[in-house]
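Heads up: the structure comes next, in structure tokens.
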Amino acid sequence: MTTAKPAIWVPGDWNAFFGFGTNILVNMLVLTGLLRYVVQMPDDIVFGRILPACGLMLFMSTMYYAYLAYKLAKSTGRSDVCALPSGTSVPHMFVVIFVIILPISLKTGDPIKGWEAGLAWVFIQSFVLMAGGFIAPYIRRITPRAALLGTLAGVSIAFISMRPALEMYMSPVIGVLCFAIIIASWFGGVRYYKGIPAGLVAIAVGMLVAWGSTFLGFGYGGMSLEKLAASFSSFGFSLPIPAIGHVFSGFEFLAIILVTAIPFGIYDLVEAIDNVESASAAGDSFPTTRVLTADGVISLIGCLMGNPFILAVYIGHPGWKSIGGRIGYSAATGVMVILLSWLGIIAVMMSLIPVVAIAPILLYIGMLIGAQAFQETPKSHAPAVILSLVPHVAAWGKLQIDNALGAAGTSAAAVGFDKLGQVGILYHGLEVLGGGAILTSLVLGSVAVFLIEREYVKASSFALVGAVMTFFGFMHGEHIGFAQSPTVALSYLLVAFVLFACKYATASPKPVEHHEHGGAVAAPAG
């Protein structure tokens, strides 16, 4: 074991800091907007209780993962170790707002009750994460990398990349320009004046265009002096205050909370495993159990201080590493977040920076993660990666339809599945395939990999797992329960029997594909 002390900060950390820091900033701006304008949460709760607690949680997590990276760099003697990125889980941000906080706020007429229910939701999820940390290494060991990274790529394409890509083309003068600035540097190797980070250049150009067009009367980016002036009213120093009483008050809504807290806790578990595997594929192997238990413990502390949003290891480690991020970018982001949240600066940032200038950074991360699923797995496993993407596309499509119909004051059930089918929208198919998409992707991708490898018993085992999980609602359903999707569960059970029987059938040996450089990889029969 080497005793050399790793460098805490290297020049590449500036790039990663402005990239990752703006990613975190966007998420904080979004959750602040949801709380203020959707839930109608009082500003004294948002800026005085929730954001300070959220800032504390993020500070603890970014410092912890900087520490883990430091330990890994020191023990291996390597100088290229990159800290795991972490922050509030974006999918859960929307789930806790629209499934827990908002409905309970509307039902009771009291947004504080919704906040308390959100705290209880995170409380339960934290323990699911902590317990899951001890079985995660086993899951990671038996699941093919193509399934893990393919699942991650599906989340990345559908729920990380699509929204920023759409936002960019809704305001192309800012969005597309900033995207070009970022990829010219991070993919094309362009260095800006005196090494200024591409993320900072993109934000500066985006602000210049947005505010310049506002003064000229074009209004790109939706900036206004009135909003900026009003935002300064949130300034003030706010320390997080224990909210233990509010947490346990939220257990009044336990029946509603359990419907989503346990399945989404399992989602967190699998997502964290995927992201640790992604970091390992990029060269940095972190202990899965410590990562998951840390997420659970830090989420629990944040929850007890008033934060209703769960912590997660983020998608994107390979992206930050590729642009030079090492240890310091994570710690610097934690310091930035705690200053923004404790001093009440978030509202000012919401009014000063056009979100569309930051969106391209998220699209860049989506591109990296999608590419990694193919680059870091055997070429013959590419079909399994594609199969892993499909459930997430279905989940994304269903979400778009639900949101559109909800905005019109109706729903798919009210319109009728038959009428939707007549115009080519197979809503029920999207609903079944997209339900529990991350677990569905994991199972389908694993079955495909083991079939490609002619390992029929393993393929059968994963199909059997799919049958059990579907029967109890973890896959292909919206709720946990008994016999939630019995027909789909039966189909997986039949597949498991068929695949097991294939072991005893005469199967052709797996052919080998030869390459001109002398290497050989297995290729599917055709």
Side-chain angles (χ1 to χ4, degrees), residues 1-17 19-20 23 61-87 136-137 139-141 143-153 155-156 160 185-187 189 270-292 294-295 312-333 361 364-379 381-382 385 449 519 521:
M1 180 181 292
T2 180
T3 57
K5 290 186 177 181
I8 300 297
W9 188 270
V10 298
D13 279 315
W14 284 112
N15 263 328
F17 169 66
F20 179 54
N23 185 354
S61 71
T62 51
M63 287 295 178
Y64 178 73
Y65 288 120
Y67 166 73
L68 273 190
Y70 180 86
K71 283 194 65 178
L72 180 61
K74 187 174 181 180
S75 65
T76 60
R78 289 167 43 215
S79 60
D80 66 339
V81 174
C82 178
L84 287 168
S86 64
I139 295 173
R140 186 179 169 198
R141 189 164 60 248
T143 307
R145 173 171 282 190
L148 289 168
L149 296 185
T151 301
L152 202 59
V155 174
S156 177
I160 302 297
S185 175
W186 292 350
F187 282 137
V270 177
E271 183 183 42
I273 294 170
D274 287 344
N275 291 331
V276 171
E277 181 65 25
S278 175
S280 178
D284 297 335
S285 295
F286 294 100
T288 311
T289 298
R290 291 189 66 177
V291 168
L292 281 160
D295 279 357
V313 171
Y314 271 6
I315 291 174
H317 169 279
W320 306 130
K321 183 169 183 171
S322 71
I323 60 174
R326 296 297 179 256
I327 299 170
Y329 89 96
S330 180
T333 300
I361 295 173
Y364 161 80
I365 292 299
M367 294 165 67
L368 258 293
I369 297 303
Q372 188 193 41
F374 294 97
Q375 294 167 344
E376 301 296 337
T377 56
K379 185 177 179 181
H381 292 178
V385 174
V449 166
V521 296

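FYI, side chains are in, hydrogens and waters are out, and symmetry mates aren't considered; it's all heavy atoms of this structure.
- Qualifying side-chain hydrogen bond (donor to acceptor under 3.5 Å, both in side chains) partners for Y64, counting only residues two or more places apart in sequence or in other chains: R290.
- Counting non-hydrogen atoms of other residues, nucleotides and ligands closer than 6.0 Å to CH2 of W14 gives a total of 12 or fewer.
- For the side chain to side chain contact (heavy atoms under 4.5 Å, CB included) test, residues two or more places apart in sequence or in another chain that qualify with P378 are S380, H381.
- The distance from the OH atom of Y65 to the NE2 atom of H317 is 12.0 Å, given to the nearest 0.5 Å.
- The CG atom of L84 lies 13.5 Å from the OH atom of Y314; values are rounded to the nearest 0.5 Å.
- Residue pairs meeting the side chain to side chain donor-acceptor pair (under 3.5 Å) criterion with at least one member in residues 320-329, sequence neighbours excluded, are D284-K321, S322-Y364.
- Annotation for S330 and A83: closest pair CB-CB, 3.8 Å, computed over non-hydrogen atoms.
- Shown here are the side-chain hydrogen bond (donor to acceptor under 3.5 Å, both in side chains) partners of S278, two or more places apart in sequence or in another chain: Q372.
- Rounding to the nearest 0.5 Å gives a distance of 10.0 Å between CD1 of I323 and CZ of F187.
- If you take CG on L149 and CD on Q375, they are separated by 10.5 Å, rounding to the nearest 0.5 Å.
- In this structure, CG in L68 is found 13.5 Å from CE in M63, a value given to the nearest 0.5 Å.
- Scanning all heavy atoms of the two residues, the minimum distance from A7 to V10 falls at CB-CG1, 4.0 Å.
- With sequence neighbours excluded, the residues that form a side chain to side chain contact (heavy atoms under 4.5 Å, CB included) with T289 are F134, P137, T293.
- One side chain, S285 or S280, offers a donor N or O that lies under 3.5 Å from an acceptor on the other.
- Partners of E277 according to the side-chain hydrogen bond (donor to acceptor under 3.5 Å, both in side chains) rule, which considers only residues two or more places apart in sequence or in another chain, are R140, R145.
- With sequence neighbours excluded, no residue satisfies ring pair (Phe, Tyr, Trp, His ring centres under 6.0 Å) with Y67.
- Counting only heavy atoms from C-beta outward, the side chains of D13 and F20 never approach each other to under 4.5 Å.
- Under the rule for a side chain to side chain contact (heavy atoms under 4.5 Å, CB included), the partners of Y70 that lie at least two apart in sequence or sit in another chain are K5, P6, I8, K74, I327.
- Without hydrogens or angle criteria, N275 side chain to A272 main chain gives no donor-acceptor distance under 3.5 Å.
- Every residue meeting the side-chain hydrogen bond (donor to acceptor under 3.5 Å, both in side chains) condition with S86, not counting sequence neighbours, appears here in chain and number order: S61.
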